[in-house]
Amino acid sequence: MNKRILVTGGTGFIGSHTTVELQQAGYDVVIVDNLSNSKADVVDGIEAITGIRPAFEEVDCTDMPALEAVFQKYAPIEGIIHFAASKAVGESVQKPLKYYRNNTVSTINLLELMPKYNVKGFIFSSSCTVYGQPDENNLPVKETTPRKDAESPYGNTKKIDEDIIVDFCKSGAPIHATLLRYFNPIGAHPSCLIGEMPNGVPANLIPYLTQTAMGIRECLSVFGDDYDTPDGSCLRDYIYVVDLANAHVAAMERILENKSEEAVEVFNVGTGNGVSVLELINTFEKCTGVKLNYKIAERRAGDIEKVWGNVDKANKVLGWHAVHTLDEALLSAWNWQKKLRERGIM
Ligand code: WQD
């Protein structure tokens, strides 16, 4: 029987792409998602890509009885990849209690059930946001770069969740945990059967950019060109979502093959390259041939000026590399946007 993995938030952007890669690596996947920020038909897209329909349970991870019922129904579960979380930085400032409750209680519930159901591996969807604005001499950030005070309740929940996981493992819990700190995930599966589906007006750069290119949005605002960077716009590490998904497969394999050397291992998952907003726009225009309507606007409050990752550890220890270029990732995002238009969805 294939090893079974529980993927919380599995109908979401990164969760759905990770489910595809897990299935194609031979794992049996159970998706748990409360559909608060995604749609159930993503399961159809996953099945259309892999030919395997993942089990799907519409459950909120903060609902302990309902979550435990999933563990009972699908035992034995070998590992968990925990994506389910509220993730809008701006909203977290307006509704901090929603974020602290959802993002920490869901994690605590999962950890509490693991020993009871002999679940061995826990992979947590963390974020470069825990580094805050790194000091100049700490760029690119390493896993040992000190974490900083979060810029938002959302970012703080990522730090708190990391601490909860570390303390639980330190208490002698019979589990192995891996914290994957992502940078900026972008793009869509090459099949265009799954991709990023932001609710309403996108906060993140790439969906806003492709919606502008499609004419859904009038103009893309570049939030500031007066930063201390080569062209004045912010620097980020944009990683293709399929590469990111494969980092989760590599991390789960490492745990289930008993190769992880510590109770908790931490990895940066990025390309290792810092790219500016203006560079990204130029790359998009060049690789798609689409002229983008954009303007320079005021800085966005809370934005980090520059952050990108040193990913040597993931390369060496996980044997994982981001293998796609920025061009390929942006083209996949544009193809996805065109497919949504073709289907009359957007
Ligand atoms: C990227 C750059 C903006 C929109 C987010 C999450 C963070 C983490 C990574 C999950 C910034 C600029 C954006 C626009 C713009 N994800 N921008 N015009 O802020 O780096 O972080 O993804 O953990 O938690 O918040 O991503 O895509 O919003 O912004 O100029 O319309 O694009 O200023 O420099 P960000 P983003």
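The figures here come from the full heavy-atom set of this structure, side chains too, leaving out hydrogens, waters and symmetry mates. The chain is numbered in sequence order, starting from 1. Computed from a prediction, not measured in an experiment: that's the story for all the values here.
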**Q** In terms of the angle between their ring planes, are H248 and F83 parallel, tilted or perpendicular, with boundaries placed at 30° and 60°?
**A** tilted

**Q** Donor-acceptor pair, distance only, cut-off 3.5 Å: does the side chain of K148 make one with the backbone of Q133?
**A**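 Yes; at least one donor-acceptor contact below 3.5 Å.
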
**Q** Tell me, with the steps shown, if D28 and Y74 meet side chain to side chain contact (heavy atoms under 4.5 Å, CB included).
**A** CA-CA 10 Å; D28 178 26; Y74 292 98; over 6 Å; no

**Q** To the closest 0.5 Å, what do you measure between CD (E305) and CG (D303)?
**A**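 It is 10.5 Å, given to the nearest 0.5 Å.
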
**Q** Assess whether a salt bridge exists between E162 and K159, defined as any Lys/Arg side-chain N lying under 4.0 Å from an Asp/Glu carboxylate O.
**A** no

**Q** Answer yes or no: is there a donor N or O on one side and an acceptor on the other, between the side chain of D243 and the main chain of H324, under 3.5 Å?
**A** yes

**Q** Please determine if D327 and K286 form a salt bridge, counting it only when a charged side-chain N lies under 4.0 Å from a carboxylate O.
**A** no

**Q** Is the shortest side-chain N to carboxylate O distance from K306 to E136 below 4.0 Å?
**A**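 A salt bridge is present here (some side-chain N lies under 4.0 Å from a carboxylate O).
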
**Q** I'd like to check E328 versus L331 (side-chain heavy atoms, cut-off strictly below 4.5 Å). Are they in contact?
**A** no

**Q** Quick check: does any side chain N or O of Y240 sit under 3.5 Å from a backbone N or O of A188, one acting as donor and the other as acceptor?
**A** yes

**Q** Could you check whether R236 pairs with E279 (Lys NZ or Arg NE/NH1/NH2 to Asp/Glu carboxylate O, under 4.0 Å)?
**A**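 No salt bridge links R236 with E279.
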
**Q** Does S36 offer a backbone N or O that forms a donor-acceptor pair with the side chain of N34 under 3.5 Å?
**A**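 Flag set: sc N34 to bb S36 pair under 3.5 Å.
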
**Q** With a 6.0 Å cut-off (strictly less than), is the heavy-atom count around NZ of K142, excluding the residue itself, greater than 12?
**A**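 No, because the 6.0 Å sphere around NZ of K142 holds 12 heavy atoms or fewer from other groups.
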
**Q** Under the side chain to side chain contact (heavy atoms under 4.5 Å, CB included) test, which residues partner L35, sequence neighbours left out?
**A** T11, D33, S38, A40, F56, E58

**Q** Should the pair F13 and H17 be assigned to parallel (<30°), tilted (30 to 60°) or perpendicular (>60°) ring geometry?
**A** perpendicular

**Q** Determine, stepwise, if the pair I216 / Q337 fulfils side chain to side chain contact (heavy atoms under 4.5 Å, CB included).
**A** CA-CA 10 Å; I216 298 164; Q337 189 68 63; 3.5 Å; yes

**Q** Does any non-hydrogen side-chain atom of R254 lie less than 4.5 Å from one of T178?
**A**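 The answer is no, as the side chains (C-beta and beyond) never meet within the 4.5 Å cut-off.
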
**Q** Side chain of N204, backbone of I206: donor and acceptor closer than 3.5 Å?
**A** no

**Q** Under 3.5 Å, is there a donor-acceptor pair between the T271 and D237 side chains?
**A**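 T271 vs D237: donor-acceptor pair found between side chains.
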
**Q** Side chains of Y154 and S127, heavy atoms from C-beta outward: is any pair under 4.5 Å?
**A**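 Yes, side chains in contact.
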
**Q** Under 4.5 Å between side-chain heavy atoms, counting indirect links through other Ile/Leu/Val/Met/Phe/Trp/Tyr residues: same cluster for V264 and I255 or not?
**A**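 As far as the 4.5 Å side-chain criterion goes, I255 and V264 are not connected within one cluster.
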
**Q** Considering non-hydrogen atoms only, spot the tightest contact between E218 and T212 and give its length.
**A** O-CG2, 4.0 Å

**Q** Evaluate R299 against Y227 for side chain to side chain contact (heavy atoms under 4.5 Å, CB included), listing each step before the verdict.
**A** CA-CA 9 Å; R299 293 182 175 193; Y227 286 100; 3.4 Å; yes

**Q** Taking L220 as the fixed residue, which of N293, T210, V277, L205 is the one that meets the side-chain contact (heavy atoms from CB on, under 4.5 Å) rule?
**A** L205

**Q** Measure the shortest side-chain to side-chain distance between T107 and I160 over non-hydrogen atoms and say whether it is less than 4.5 angstrom.
**A**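 T107 does not reach I160 side chain to side chain.
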
**Q** Do E112 and F168 come close enough that some side-chain heavy atom pair is under 4.5 Å?
**A**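 No. Closest side-chain heavy atoms not under 4.5 Å.
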
**Q** Is E143 reaching over with its side chain to a backbone N or O of N268, donor-acceptor style, under 3.5 angstrom?
**A**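 Side chain of E143 to backbone of N268, a donor-acceptor pair under 3.5 Å: yes, one is there.
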
**Q** Does any non-hydrogen side-chain atom of P146 lie less than 4.5 Å from one of N138?
**A** yes

**Q** I186 vs L326, test: side chain to side chain contact (heavy atoms under 4.5 Å, CB included). Steps then yes/no.
**A** CA-CA 9 Å; I186 65 168; L326 180 63; 3.9 Å; yes

**Q** Would a distance-only check, ignoring hydrogens and angles, find a side-chain to backbone donor-acceptor pair under 3.5 Å from K313 to V266?
**A**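 Indeed, once roles are kept as given, a pair shorter than 3.5 Å links the two residues.
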
